[in-house]
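As structure tokens, the structure follows; a few thoughts come after it.
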Amino acid sequence: MVGPDGALPLPWLAGPLAHALRTQQGHALLVHGPQGIGQFELALSLAQSWLCEQRTGDQACGHCASCHLVQARSHPDLLVLLPEALSEALGWSTDDTASDKASKAKPSKELKVEAIRAAVLFAQTTSARGRGKVVLVHPAERMNMISSNTLLKTLEEPPGEARFILSCGAPQDLLPTIRSRCQAVPLALPDAEVARQWLASHQVAQPEVLLAAAGGQPLEALAWSKDGLDAVTWTRLPRQLAAGEAGTLATWPLPRLLDAMHKLCHDAMCVACDAPPRYYPPAALPKAGSVAALNAWSKELGTVLRHAEHPWSGPLMVESLVLKARNALAPRAN
């Protein structure tokens, strides 16, 4: 969101925010793009700009009473809908989230229909500060079919001055009828140098390595850095797996380990086909392996990823994955 000094937290959002505010025509916007580049932050900045009481340019002023309420997450005309599993991480914990945590229930990763129904009722009430009502849904692809249909009815016949912002990383997972009722706001990967400088300002060492590792997504790279995954560890990983060494990989979350292996498989295939790698430094990759073996490994990784939420035995799963990685990365016979 726009801070008290009028600055955006992510510098690469200034252009998309200004463009979206200038070109907005409908009552509903769909902000979409790759994960880890700031869809939620852009959506929140849009909402703040709409509600700002002293807006004179392309964005919120950052210091009026309305902006302060948004910054304090207490604006009466803004409703932010997030899955319980994301609420606390993004700083939008609700009473329901707190009660779920207290009851030790596993936080839901879906946007529940009860929350969508509450949003519909919220949109139908009168604005408290006279600037309309805003409902922000993130990530919108987490709505199930019932939730989607509930929201669709409101998007078809929007009440009063209510506006909606749907933010997502997989718009293809939304109902076509929902997409058709929203004005698209595409968000591309930021300029690599801008993202690198931003990561460096957050004390990320060798930011260009982690930025490439995260596929150009700076927020993802920063999250990895905060979790203890640094450029040195990432650079060592290909040869570590080629040697069949599990090391500390058992401590990695399984989805992250699978992601790292998928990217290594991709880059190993690139090397085998004399193409430049994308995620790992070229010098970090082992010698070219068999394309057939790498292709088989990729399919195996996909199968495991589809069942990543299964309560696997961590050490045994890692041992199996490392063994398959070693076999797939073995240099091809001349």
Identify whether the distance between the nearest side-chain nitrogen and carboxylate oxygen of E193 and R196 falls below 4.0 Å. yes

Salt-bridged, K263 to D267, with N to O below 4.0 Å? no

Side chains of Q206 and W234, donor plus acceptor under 3.5 Å: no

Checking S298 against N295: is there a side-chain donor and acceptor pair closer than 3.5 Å? no

Short side-chain to backbone donor-acceptor contact, [X] and [Y], under 3.5 Å:
X    : Y    : answer
S225 : L222 : no
Q71  : G62  : yes
E84  : S108 : yes
D259 : P255 : no
Q183 : T23  : yes
H138 : L166 : no
S74  : V70  : no

[X] with [Y], same ILVMFWY side-chain cluster at under 4.5 Å:
X    : Y    : answer
I178 : L29  : no
W252 : V232 : no
L264 : L258 : yes
L81  : L175 : yes
V134 : L111 : no

Using side-chain heavy atoms (C-beta onward) and a distance below 4.5 Å, is [X] in contact with [Y]?
X    : Y    : result
H75  : Q48  : no
L136 : L46  : no
Q24  : R163 : yes
P139 : Q39  : no
L329 : R239 : no
L42  : S167 : no
W297 : K324 : yes
P331 : P286 : no

Could you give me the CA-CA distance, side-chain angles and deciding distance for F164 and V137, then say whether side chain to side chain contact (heavy atoms under 4.5 Å, CB included) is met? CA-CA 8 Å; F164 295 82; V137 183; 5.6 Å; no

Reported [atom1]-to-[atom2] distance for the pair [X] and [Y], which is rounded to 0.5 angstrom:
X    : Y    : atom1 : atom2 : value
L257 : M317 : CG    : CE    : 10.0 Å
I116 : S147 : CD1   : OG    : 5.5 Å
D77  : K133 : CG    : NZ    : 5.0 Å
R142 : C168 : CZ    : SG    : 11.0 Å
L237 : L285 : CG    : CG    : 10.5 Å
T150 : M143 : OG1   : CE    : 9.5 Å

Got more than 12 heavy atoms from elsewhere within 6.0 Å of [atom1], [X]?
X    : atom1 : result
I146 : CD1   : no
H202 : NE2   : yes
Q240 : CD    : yes

Side chain to side chain contact (heavy atoms under 4.5 Å, CB included) between L219 and E41, worked out: CA-CA 11 Å; L219 295 183; E41 288 77 6; 3.9 Å; yes

Chi angles and distances behind the side chain to side chain contact (heavy atoms under 4.5 Å, CB included) call for L189, Q217: CA-CA 7 Å; L189 289 174; Q217 303 170 32; 3.9 Å; yes

Give the minimum heavy-atom separation between [X] and [Y], together with the two atoms involved.
X    : Y    : value
G216 : P190 : O-CD, 3.9 Å
A250 : V318 : CA-CG2, 3.8 Å
A123 : V135 : CB-CG2, 4.5 Å
E53  : R129 : OE2-NE, 2.6 Å
L30  : P171 : CD2-CB, 4.4 Å
L187 : P34  : O-CD, 3.3 Å

Residue pair W50, I165: steps toward the side chain to side chain contact (heavy atoms under 4.5 Å, CB included) verdict: CA-CA 11 Å; W50 287 342; I165 309 174; 3.4 Å; yes

Could I get the full list of side chain to side chain donor-acceptor pair (under 3.5 Å) partners for T233, not counting sequence neighbours? D230

